[in-house]
Amino acid sequence: MSKLILIDGNSIANRAFYALPLLSNSSGLHTNAVFGFTTMLLKLIEEQKPTHFLVAFDAGKITFRHTDYKEYKGGRAKTPPELSEQFPLIKDLIRAFTISQFELEGYEADDIIGTMTRAADEQGMDVLVVTGDKDMLQLASDRVTIAITRKGISEIELYDPAQLKERYGLTPDQIRDLKGLMGDSSDNIPGIPGVGEKTALKLLHEYGSVEEVLANAGSIKGKMGEKIQAHADDARMSKELATIFRDVPMSISWEEQAYNGYDKQALGSVFRKLEFKSLLEKMDFSGAEETDEEPAVLEELNTRILTEESVGDFAEKLPQVLSLHVEVIGDNPHNAVVLGAAFNTEDAAYYAPLDVLKAEAAEPVRRWLADPDKPKKMCDLHRALVALAWEGIPLEGCVFDVMLATYLLDPTESTLTLNALASKYKLSGVKDDAEVFGKGAKFKVPEVDQVSEHLCRKAAAIYQIASIQEKELEDNGMNRLYHELELPLSNVLGDMEKQGIKVNKQELEDIGRELSERIAQLIGHIYEHAGGEFNINSPKQLGEILFDRLNLPVYKKTKTGPSTDAEVLERLRTKHEIVSHILDYRTLAKLQSTYIEGLLKEIRPSDGKIHTVYKQTIAATGRLSSQYPNLQNIPIRLEEGRKIRKAFVPSEPGWRILAADYSQIELRVLAHISHDERLMEAFHENMDIHTKTAMDVFGVSEAEVDKNMRRSAKAVNFGIVYGISDYGLSQNLDITRAEAAKFIEQYFAVFQGVRRYMDDIIKKAREDGYVTTLLQRRRYLPEIKASNYNLRSFAERTAMNTPIQGTAADIIKLAMVQMAERLQEEKLKSRMLLQVHDELVFEVPEEELETMSRLVPEVMENALPLDVPLKVDVEHGINWYEAK
DNA sequence: ACTCTCACG
DNA sequence: ACGTACGTGAGAGTG
């Protein structure tokens, strides 16, 4: 017999919170509601033995009830922060119990439960609804029992229709009438003034329903009759409001709600985090702890070292490989050393040093590695991909990368090593790389048996970590983001990096020579004005010259002394002739050292190309980053620097560089997620967004927008994307804070949807503890509840910015995966080479220029359709500079 | 290893 | 009263 338990999460959390003293654990986290919730769940599981289980939560502050009655729940006190901070913990707890949970924007838990009970009733399931809210009694039926908490949560009172009749003399349906007459102060439902429970019951026993009471109001004597007549509409509306909506648009698959007991290990770790000591003792997690500390990885792992002789036989074991690890030594995978690969199977792990992997006898192993239909679980696919490619060993078919999964589960996690991961998941036995290899100058590869042991353990850990993370990703709703975006993208990035971009060495050297001459002249002038030689590159020495010797005013200080950054020097420009020379020197010295010398060092003599490394697991927002060298910050804003781009050329004669960039992608994303009317209109009509903003904020016509107004509007738009603050805007526009605040106020008065988004996202971050992008990428913001103003403000701006920047990142990543597919499908020779956050750079043969100029924008603009159009500008030329 | 500065989106 | 715009990487100087 199936038995479904449905819990009204918000109601039970509230009851628990007010019933128990305000407990907190050693890190100051309040835990009383979580504790109450836990005891409730344990009791239900033990006593009711449910086969199906679901906890429903309210979601979104506006429900359809507000559309009808905007004072709905108006009288309710705000949820205290001590309670709201516990909701994410409760959700974690439920996850550890492996109980399903559900919420839907715009609906309350009642409605979800009402919908579920109806479906369960039709299925012939027995249902127990657990809540503190008597409204829910209206759901009682032969199969549906309602459990109402009493005295907080320690006791429950069960109601089926018979008990309801016995205690109140009402049918379930009449509960709505009861509320209609007496109202409900906690939901701000008015009812009829002066009618309480007693009177309402008396009236219903006599007349049966609100409608009948109202129809007979004339025959009700005295003041009561008058009141009923005067508030007939209130009564009708109140009944309406008290009616639980039972048609929530949700698909119900009973499999999801099936309950097969809790995950003892996960529950134990949640209890430990919350410091529920009494429960830990009572429930005896020692068994679980033991498996925590003594995992399969440590239990004698059989390891074998493969040789040229034995690797042939190992080929038979390939179908049993559960996971593998490719060890790559060195930061930059393009000139790293592949040490070898470890293969983990159910009964043993095998290590193949690189030379064995490359031996003739290992041909079947290499075929397996290259086979997209042989699934592989790994750690840091991208690194292995690039390093193996240089060894001439293709790798395909990776279905799980624990490093990538760790990043998605928490993109701010900075220690992405298997050693750290293993201990995070309580798997001991994976040593730290530094322990095996040493670090820095002392780095040394030890004997092969030690290497084998270490790498085999890594491989074994990967399998176990992956099986936990698969579930975590699923729970976070990240399956598609992971399998259809990030994992395929790893392969695309690997291809781009291996391909590399051709750089004209001559061109860089020519620019470099010119720079050297000008720098030498500037140095001469600077020494002259300073009255002696010093190291201009040293902020300390420069400060001494400027502020001590030349007595210029100090406008800004750093931790260590007066600041000499460009902003300060700009303000000092008119005060002394030396300053503008220093500014010029800085600009040119930067170009020389970072871009001329820096890039020249990265050109590989073997192919004349630069191969950058895209990092997929660094940026907290979901963006990529680029290293060795960074090709995402090649100069463009100033003409002098922009010329560097002339050195980036196609790798084949007659080909062109084609660059396509999204126009205003972040503001378009903001328009989509905020649904702000004016912002959407601006993009639908393809207007210049900064001019349009100026028109709306200053209330002028297009012709009246002058340069300064547009500049201010542009700064406000940037501010909006970054998470606006009056201080930040005042700095940027060099105006007072009060003026900046006025600008922002004017902006929000017009772009009200944007204001609503900013308020809502901060609130959501506080409730959930994280924010998400359109594709469910997540970023946790624990500091959003900090009492320290700075920390909290920073978290709030991040909450505003991350969904915008992150969604833009989602979109271009999607476009890259789709673009790679299209290039392959349509057998184009063109190659994708670079990504610069909102721009993709290709090299294209002459005959494909027309096709690509059409295809690239088409794919980019439609990668993820939004409620506003995306716009892409595309250009091409003989080098990157000319593709503008 | 850390700080300052500056290049990009 | 507080004190910052969001996200990165690299080079040079200093400790």
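For the numbers below, each heavy atom of this structure counts, side chains included, while hydrogens, waters and symmetry mates do not. Just so it is clear: chains get the letters A, B, ... in the order the sequence lines come, proteins before strands, and each one is counted from 1.
Residue contacts shown for A/L591 are absent, as no nucleic acid heavy atom lies under 4.0 Å away. Within 4.0 Å of A/I804, counting heavy atoms only, lies no atom of the nucleic acid at all. Nucleic acid contact for A/Y789: base, since at least one base atom lies under 4.0 Å from a heavy atom of the residue. No engagement by A/T802 is indicated, since no non-hydrogen atom pair under 4.0 Å with the nucleic acid exists. Here A/R586 lies in heavy-atom contact (under 4.0 Å) with sugar-phosphate atoms only. Residue A/N732 is classed as a base contact, given a heavy-atom separation below 4.0 Å to a base. Residue contacts for A/A566: at a heavy-atom cut-off of 4.0 Å it reaches the sugar-phosphate backbone alone, with no base atom in range.
Ring geometry for A/H576 against A/H529 counts as perpendicular: the plane angle is over 60°, on a 0 to 90° scale with 30° as the lower cut.
Rounded to whole Å, the P atom of B/dC6 lies 33 Å from the corresponding atom of C/dA1. Using P as the reference atom, C/dG3 and B/dC8 are 31 Å apart when rounded to the nearest Å. A gap of 32 Å separates the C1' atoms of C/dC2 and B/dA7, to the nearest Å.
For A/T807 and A/R668, the side-chain atoms include no donor-acceptor pair closer than 3.5 Å.
OP1 or OP2 of C/dG7 has not a single side-chain nitrogen or oxygen of A/R797 nearer than 4.0 Å.
When the P atom of C/dA5 is taken as reference, atom CD of A/E796 falls 16 Å away, rounded to whole Å. The CZ atom of A/R792 sits 13 Å away from the C1' atom of C/dG3 (whole-angstrom rounding). The nearest whole Å value for the distance from the CD atom in A/Q805 to the P atom in C/dA5 is 15 Å. To the nearest angstrom, P of C/dT4 lies 13 Å from CD of A/E567.
Ring centroids of A/F698 and A/F743 are separated by less than 6.0 Å, placing the two rings close together.
A search for side-chain contact (heavy atoms from CB on, under 4.5 Å) contacts involving A/Q818 returns A/L814, A/V859, A/A863, not counting sequence neighbours. The side-chain contact (heavy atoms from CB on, under 4.5 Å) search around A/S787 returns none, not counting sequence neighbours. With sequence neighbours left out, the side-chain contact (heavy atoms from CB on, under 4.5 Å) criterion links A/E640 to A/R518, A/T587, A/L588, A/L591. Checked against ring pair (Phe, Tyr, Trp, His ring centres under 6.0 Å), A/F683 has no partners two or more places apart in sequence or in another chain.
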Mind running salt bridge (charged side-chain N to carboxylate O under 4.0 Å, His left out) on A/K692 and A/D688 for me, showing each step along the way?
CA-CA 6 Å; A/K692 166 74 174 163; A/D688 175 308; over 6 Å; no
Could you walk me through whether A/L624 and A/Q632 satisfy the side chain to side chain contact (heavy atoms under 4.5 Å, CB included) test, starting with their C-alpha distance in whole Å, then the side-chain angles of each, then the deciding distance to 0.1 Å, before giving a yes or no?
CA-CA 9 Å; A/L624 297 176; A/Q632 290 181 319; 4.2 Å; yes
Assess whether side chain to side chain contact (heavy atoms under 4.5 Å, CB included) is satisfied between A/I582 and A/I526, documenting all intermediate values.
CA-CA 7 Å; A/I582 293 169; A/I526 291 166; 4.0 Å; yes
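A donor-acceptor distance shorter than 3.5 angstrom exists from the side chain of A/K785 to the backbone of A/R766, with no hydrogens or angles considered. Remark: the backbone N or O of A/A786 is paired with a side-chain donor or acceptor of A/R792 at under 3.5 angstrom.
For the side-chain hydrogen bond (donor to acceptor under 3.5 Å, both in side chains) condition, no pair includes a residue of residues 723-735 of chain A, sequence neighbours left out. For residues 774-819 of chain A, the pairs satisfying ring-ring contact (aromatic ring centres under 6.0 Å, His included) are A/Y770-A/Y780, with sequence neighbours left out.
To the nearest 0.5 Å, the span separating CD1 on A/I511 from NZ on A/K643 amounts to 8.0 Å. Atoms CZ and OG1, on A/F547 and A/T564 in that order, are 6.5 Å from each other to the nearest 0.5 Å. Expressed to the nearest 0.5 Å, how far CG of A/L840 lies from CG of A/D661 amounts to 9.5 Å. Atom CG of A/N332 and atom CD of A/E497 lie 9.0 Å apart (nearest 0.5 Å). Residue A/Y722 holds its OH atom at 11.5 Å from CG of A/N717, rounded to the nearest 0.5 Å. Summarising the geometry, atom CG belonging to A/L729 is positioned 11.5 Å from atom OH belonging to A/Y747; distances are rounded to the nearest 0.5 Å.
Taken residue by residue, residues 712-722 of chain A places heavy atoms nearer than 4.0 Å to DNA chain C at A/A715, A/G719, A/Y722. Contact check of residues 736-755 of chain A against DNA chain C (heavy atom, cut-off under 4.0 Å) returns A/R737. Listed by residue number, the members of residues 544-560 of chain A with any heavy atom below 4.0 angstrom from DNA chain B are A/T558, A/K559, A/T560.
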Canonical and wobble pairing (Watson-Crick, G-U, under 3.5 Å) of DNA chain C, dot-bracket with |:
.....|||||||||.
Could you run down nucleotides 8-15 of chain C 5' to 3' and tag each one B, S or - for protein heavy-atom contact under 4.0 Å?
SBSSSSS-
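For the pair A/Y727 and C/dT4, the ring geometry qualifies as stacking, because the centroid separation is below 5.5 Å while the planes lie within an angle under 30°.
With a cutoff of under 4.0 Å to any heavy atom of chain A, the contacted region of DNA chain B is bounded 5' to 3' by B/dT3 to B/dG9.
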